Amino acid sequence: MRTLVDQGRRVRTGKLILQAGLVTGTMIVATNPVHAQIAGSETTSSDRDIIVYGRALAQIGIATSGSQGVVGYKDFEDKPLSRVGELVENVPGVIATQHSGTGKANQYFLRGFNLDHGTDFAGFVDGAPVNFRTHGHGQGYLDLNFLIPELVERIDYRKGPYFADVGDFSAAGTVKFTTVDRLARPMVEVTGGSYGYYRALAAGSSTLAGGDLLVALDGTRSNGPWDLNEDLRKVNGLVKYSRGTVDHGWNLGLTGYHATWNATDQVPERAIASGLIGRFGNIDPALGGRTIRIGLTGNAHLGATDINLYGLYYRFLLTSNFTYFLNDPVNGDEFQQRDQRGQFGGSIRHSIPVTIGAMPVAFTVGGEGRWDHIGKIGLYNSIAGRTSGTVRQDKVDEYSGAVYAEGTASLTDRIRLTLGLRGDLYGYDVRAQTIAANSGKGSDGILSPKAALAWRATDHLELYANYGKAFHSNDVRGASIRVDPVTGDPVDRVPVLVKARGYEVGARAEFRRFTVSLVGYHLSLGSELVFVGDGGTTEPNDATRRYGAEATLFWRPTEWLTLDASGAVTHARFHDVAPGKTRIPNSVDEVVSAGAALDLGHGVTGSLRVRHFGAAPLIEDGSVRSNPTTLVNLGTYYTAGRVKIGVDVLNLFDARDADITYFYASRLQGEPAGGVEDRHIHPVEPRQLRVSMRYSL
């Protein structure tokens, strides 16, 4: 491999972008880390392969906090994945689990939050937001199943409310996925595995009209280990056209996703203990869902200005039953949630470098707008998977606009100060179709200041201090409601926007083969969204406070071994509530993940991953807790020429832990009318083997 050096301009070679940088062997060593920018992971040109490990990229001189970073494709290329949503576990401290079928959005945990399906965790793909507001199943619903992992080029992550360019759902963290513009070679890949798992992928690029056209099609079938076959049928597609350079170019991407599945939801432990069902059994066999998602995203880079536009068509149906026969002892408590919408929006960002006196200042100004046109959103009673009655059905228009400004001043050659301010304005129009009194219009706004201080104490050590406010939006049906659609009782409305405030101090040390970071944080929310079992959704609860610490490590002791690890501990409590009722249900106290990647030469590589999340309180007094969960995955791979063969073993030690645990009352047939309070678990999937073969044309 030859060495590429460029000292005065930005170079794009496939997926590699650098400015004033040096590529040596398989590592990136930035000679001017303030301006170094790496967009890729692995790129093949006509005469060499360049491998970029995103976690090895220099952040000193660039980052504004100790808890942000970049993950390149090479960092996760050979990590076994049981589900697409587990891509977020490349963000240190994040855990993704599942409790209602592979086609449904994952359950996310970060910094002592049970983020449900995305609340307070903002996700973006190619600049477009993925979280859904006022969603049929849960606020902030973050479904990443439309991603094709092999086409993710990089993952940028930031934690905490310290960044002016993100607003809704960003209090705990933000993750941004960028897909490739071009593949070096077309490829086809097939995978087969335990429990009827089959997957096929075909993807390739070609030159068209002076640009690059990328086309990919991905399909998955799976039964899963459940007594009720999951019968997952999923198809993903991506067509992307890119033209121009990194600084002056544009791309247009079309994504399509369709999935249907049967679901085995969480089940009461007493049903397993009594022998009524097996560990992978179910109570209601009619559960499951389907999703259709068609998205169009465009990005333009015009020197100092970046523009993003997007449009989305979306349909969703989910059938669930968490309490069985508690509310209706005859027909059961099964219900359906539906969502059908169009979503449209965009953002613009402009950079303005100036000099004030002798002090360099980089200003950024931007704005964004979004409109969710929800043609149908509703909750329905159902029997055996068929709608039997309407609880609530609405049409909703929700729209928002935001402007922000941020400036970074180099106070000295080693101290940077960043100040930012963001303003968001929301409006809504709810048209209730079942109870007219629940209709309503309204608006809400919020200002979110930000501040960050970075001190480069030495060439290899940087210290950070951060402060910021952010927010999450609530379901606007809760802002217009007056009458409970089930009981007919009057109910209190909720605010549209809920404030969050955070503080953080951190340190980052970087050497050629070793990087480590340590942060301490404090985060308070005006209202916590928590899962309610008998409603099958999240509801606003009391204010909360959290504080904790995180550490991350990336180390390449040799060319053939890469080690990484991250750990987080959090103290999470409700604020201003009755004594003894301060514990936040499902707030995980500790999270640990670690792994080793080996390159043994002769085309042989391997990966060993472990992830652990600890016990959590399940009710406010902490008297009932979940059990900790630990999983180990192993992957081995062999590449010969254009053929790559992989063998993944998921849940290597066949752990019998739970993916998720809740505590609430449910009623099985024959039980007392008031039901039985019990832990309800969704077990992790047992050990399974998957074998894949990829051929690059």
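No experiment lies behind these values; they were computed from the predicted model shown.
The closest side-chain donor-acceptor pair between Ser524 and His575, if any, does not fall under 3.5 angstrom. For the residue pair Glu334 and Ser382, a side-chain donor N or O sits within less than 3.5 Å of a side-chain acceptor on the partner. Side-chain contact check for Ser473 and Gln139: at least one donor-acceptor pair (N or O, by modelled atom type) lies under 3.5 Å. Residues Thr364 and Tyr404 bring no donor and acceptor atom of their side chains to less than 3.5 Å of each other. For Asp231 and Asn229, the side-chain atoms include no donor-acceptor pair closer than 3.5 Å. In the model, Ser400 has a side-chain atom that pairs as donor or acceptor with a side-chain atom of Arg133 under 3.5 Å. A donor-acceptor pair shorter than 3.5 Å can be found between the side chains of Arg546 and Thr544. Donor-acceptor pairing under 3.5 Å is recorded for the side chains of Asp168 and Tyr426.
Between the side chain of Tyr467 and the backbone N or O of Pro161 there is no donor-acceptor pair closer than 3.5 Å. In terms of modelled atom types and a separation under 3.5 Å, the side chain of Trp261 and the main chain of Ser100 share a donor-acceptor contact.
Tyr314 and Phe132 have their aromatic ring centers within a separation under 6.0 angstrom.
By the 30° and 60° cut-offs, the orientation of the rings of Phe316 relative to His137 is tilted. In this pair, His99 and His117 present their aromatic rings parallel. The plane angle is below 30°, not in the 30 to 60° band. Using the six-membered ring where Trp is involved, Phe344 and Trp371 have ring planes that are tilted, between 30° and 60° apart.
Here the CG atom belonging to Leu497 is positioned 4.0 Å from the CG atom belonging to Asp444, to the nearest 0.5 angstrom. Atoms CG and CG, from Leu228 and Asn282 in turn, are 5.0 Å apart once rounded to the nearest 0.5 Å. Annotation: the span from Lys104 atom NZ to Arg83 atom CZ amounts to 12.0 Å, rounded to 0.5 Å. With rounding to the nearest 0.5 Å, the separation of CZ in Phe574 from CG in Leu525 is 11.0 Å.
Between Glu671 and Arg270, at least one side-chain N (NZ, or NE/NH1/NH2) sits under 4.0 Å from a carboxylate O, which counts as a salt bridge. Between Asp156 and Arg158 no salt bridge is recorded (no basic side-chain N to carboxylate O distance below 4.0 Å). Electrostatic pairing of Arg422 and Glu368 counts as a salt bridge here, judged by a charged N lying under 4.0 Å from a carboxylate O. Using a cutoff of 4.0 Å between basic side-chain nitrogens and carboxylate oxygens, Lys234 and Asp218 are not scored as salt-bridged.
Within a 6.0 Å radius of CZ in Arg493, other residues, nucleotides and ligands contribute more than 12 heavy atoms. Atom CG of Asp492 has 12 or fewer neighbouring heavy atoms from other residues, nucleotides or ligands inside a 6.0 Å radius. Crowding of Arg545 atom CZ: a count of heavy atoms from other residues, nucleotides or ligands under 6.0 Å not exceeding 12. Within a 6.0 Å radius of NZ in Lys499, other residues, nucleotides and ligands contribute 12 heavy atoms or fewer.
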Report task. I would like to know whether Tyr380 and Gln393 meet side chain to side chain donor-acceptor pair (under 3.5 Å); could you show each step before the answer? Result -> CA-CA 8 Å; Tyr380 311 86; Gln393 182 172 296; 2.5 Å; yes
Report task. Before giving the answer on ring-ring contact (aromatic ring centres under 6.0 Å, His included), spell out for Tyr662 and Phe322 the whole-Å C-alpha distance, their side-chain angles and the decisive distance to 0.1 Å. Result -> CA-CA 10 Å; Tyr662 297 108; Phe322 300 133; 7.6 Å; no
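The shortest side-chain heavy-atom distance between Thr297 and Thr255 does not fall under the 4.5 Å cut-off. With a 4.5 Å cut-off on side-chain heavy atoms, Lys450 and Phe163 do not count as touching.
Here Asp333 pairs with nothing under the salt bridge (charged side-chain N to carboxylate O under 4.0 Å, His left out) rule; sequence neighbours left out.
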